[in-house]
Amino acid sequence: MSVPGGQGPPLRIAALAETLAERELAALLVESESDLRYVSGFTGSNGMAILRASGAEEPPLFLTDFRYETQSAQQVAGAFTRRIVTGELLDAAAEALSAGAGRLGFDDRTMSVARHRRLRELLADPWELVPAAGLVERLRLVKEPGEIEQIHAAARLADEAVQQTLAAGLAGRTEREVAIDLEQRMRRLGADGPSFPTIVASGAHGALPHAEPRDVQIPADVLVTIDWGAVLDGYCSDCTRTYATGEGISAQAREVYGVVLAAQTAAVDAVRAGPNGRELDAVARAVIEGAGHGTHFGHGLGHGVGLDVHEPPRLSRTANEDPIEAGSVVTVEPGIYLPGVLGVRIEDLLVVHEDGATALTGLPKELQIVG
Ligand code: ZN
Ligand code: ZN
């Protein structure tokens, strides 16, 4: 992971130490892959970090097993004491904490009940286990400039891959062929892989927001929704475009496309630091409701993107009321889904600034005809 001046794990560890102190947590257990990568730089699949509140004497501790001895030596930030563990990381973590006492934060969204019970048994009594999910995610929400550059690079790669895929046409190929082609092109262009299973949904199938590509030929003169993203050096992109496979699409398809485009453009124009996720969702929803399609936009407006393709903040009717912050990276992806008929979704990935937003995709949004 590139670490431009003053950014990366050292700054993040310091920021989390402050957060822990504010919350009167003596230490925090970090286990989830994305959180662990963010605080330590480690990209392996079995690791654990124990972070300490500011003012603590103990340095942060990183635990992994012998398979990752070399990799962890190369990747884990120098601020950590690194320990190669034989056996369970959880046992080693409890042992490392045996001398101390206080409130120990753990990720209650990912830790299983069984592991929680095990940790409670292993830990010395003076430790109190405190649910603390989301502390690292909260910090991840505002991106460093280097992270935004990495997400932008993933988005550019995804743009290039879809243009190559579309050059071979859509009509006559199956949805699955197009999806596989797009994912292979992303890999050839250097992606770690797709950031989620690619969606290619034509005609009435497009009315399913999470449609799985089928072994069905894409006809001429229908709409095709493609939702795809690349992971590049750990960072995700996410984009959706809806294409037409001929000038002969129905008047209804053109009308619905126009409504979604108007809703998407209005919401993009409203994105800046300040409004919350509910308010931004409402901007797009008002346009779609005004066109009589309110009941056909069943999902939220968007979500944050970073090391995970779905992360805070949420932009939806039920999002929390925290203002969207400058430096966050969010999608804006309204859709209209007419069951049994068609679907349209248009999604951009945006960097939020104080006074507006910048799109990280360079693809046009006016309806494109692809043969
Ligand atoms: Zn998407
Ligand atoms: Zn999305």
Side-chain angles (χ1 to χ4, degrees), residues 34 137 140-141 143 148 150-152 154-163 165-166 175 178-179 182-183 185-186 191-202 205-213 223-232 235-243 257 260-261 263-265 267-268 270-271 277-278 280-281 283-285 288 297-319 324 328-337 343-352 357-365 368:
S34 298
E137 264 195 338
R140 283 166 47 192
L141 189 148
K143 270 68 182 174
I148 290 173
Q150 285 179 289
I151 297 167
H152 197 176
R156 279 194 299 262
L157 186 155
D159 281 6
E160 172 63 23
V162 87
Q163 282 166 331
T165 304
L166 294 175
E175 293 173 351
V178 173
L182 179 49
E183 292 185 356
R185 289 181 190 279
M186 289 195 280
D192 307 345
S195 49
F196 56 90
T198 301
I199 294 171
V200 176
S202 62
H205 199 49
L208 305 177
H210 286 149
E212 283 186 34
L223 295 177
V224 184
T225 298
I226 304 182
D227 190 349
W228 79 107
V231 186
L232 182 60
Y235 282 85
C236 298
S237 77
D238 188 5
C239 185
T240 306
R241 287 292 183 269
T242 299
Y243 298 97
Y257 191 94
V260 174
L261 180 57
Q264 206 268 355
T265 306
V268 167
V271 174
R278 293 184 186 204
L280 293 174
D281 179 276
V283 172
R285 205 163 293 281
I288 289 172
F297 175 25
H299 57 74
L301 180 67
H303 52 87
V305 173
L307 287 169
D308 290 326
V309 71
H310 292 109
E311 59 178 50
R314 306 284 165 187
L315 281 58
S316 76
R317 282 173 287 188
T318 55
I324 299 296
S328 46
V329 174
V330 300
T331 69
V332 168
E333 50 179 307
I336 292 179
Y337 309 93
V344 174
R345 180 165 65 257
I346 302 170
E347 173 178 28
D348 278 337
L349 190 57
L350 305 166
V351 183
V352 180
T358 315
L360 296 180
T361 172
L363 298 172
K365 287 192 286 196
Q368 306 289 304

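This one's a predicted model, so the numbers in the text were calculated from it and none came from an experiment. Remember, it's 1-based here, ligands and their atoms both numbered in the order they're listed.
Panel note: side chain Glu311, backbone Leu141; no donor-acceptor pair is recorded below 3.5 Å. A donor-acceptor pair is defined here as one N or O able to donate and one able to accept, closer than 3.5 Å; no such pair exists between the side chain of Asp238 and the backbone of Gly229. Looking at Arg345, its side chain never comes within 3.5 Å of a backbone N or O of Arg241 through a donor-acceptor pair.
For Arg314 and Glu137, the salt-bridge test fails: no basic side-chain N is under 4.0 Å from an acidic carboxylate O.
Looking at Glu347, its N, O or S atom nearest to the Zn ion (ligand 2) turns out to be OE2. Restricting Asp238 to its N, O or S atoms, the one at the least distance from the Zn ion (ligand 2) is OD2.
Between Tyr257 and Thr242, the closest heavy-atom pair is CE1-O, 3.3 Å.
Using a cut-off of 2.8 Å, one finds that His310 contributes no N/O/S atom close to the Zn ion (ligand 2). Put simply, Glu333 stays out of reach of the Zn ion (ligand 1), with no N, O or S atom under 2.8 Å from it. The Zn ion (ligand 2) has no N, O or S atom of Asp227 under 2.8 Å away, backbone or side chain.
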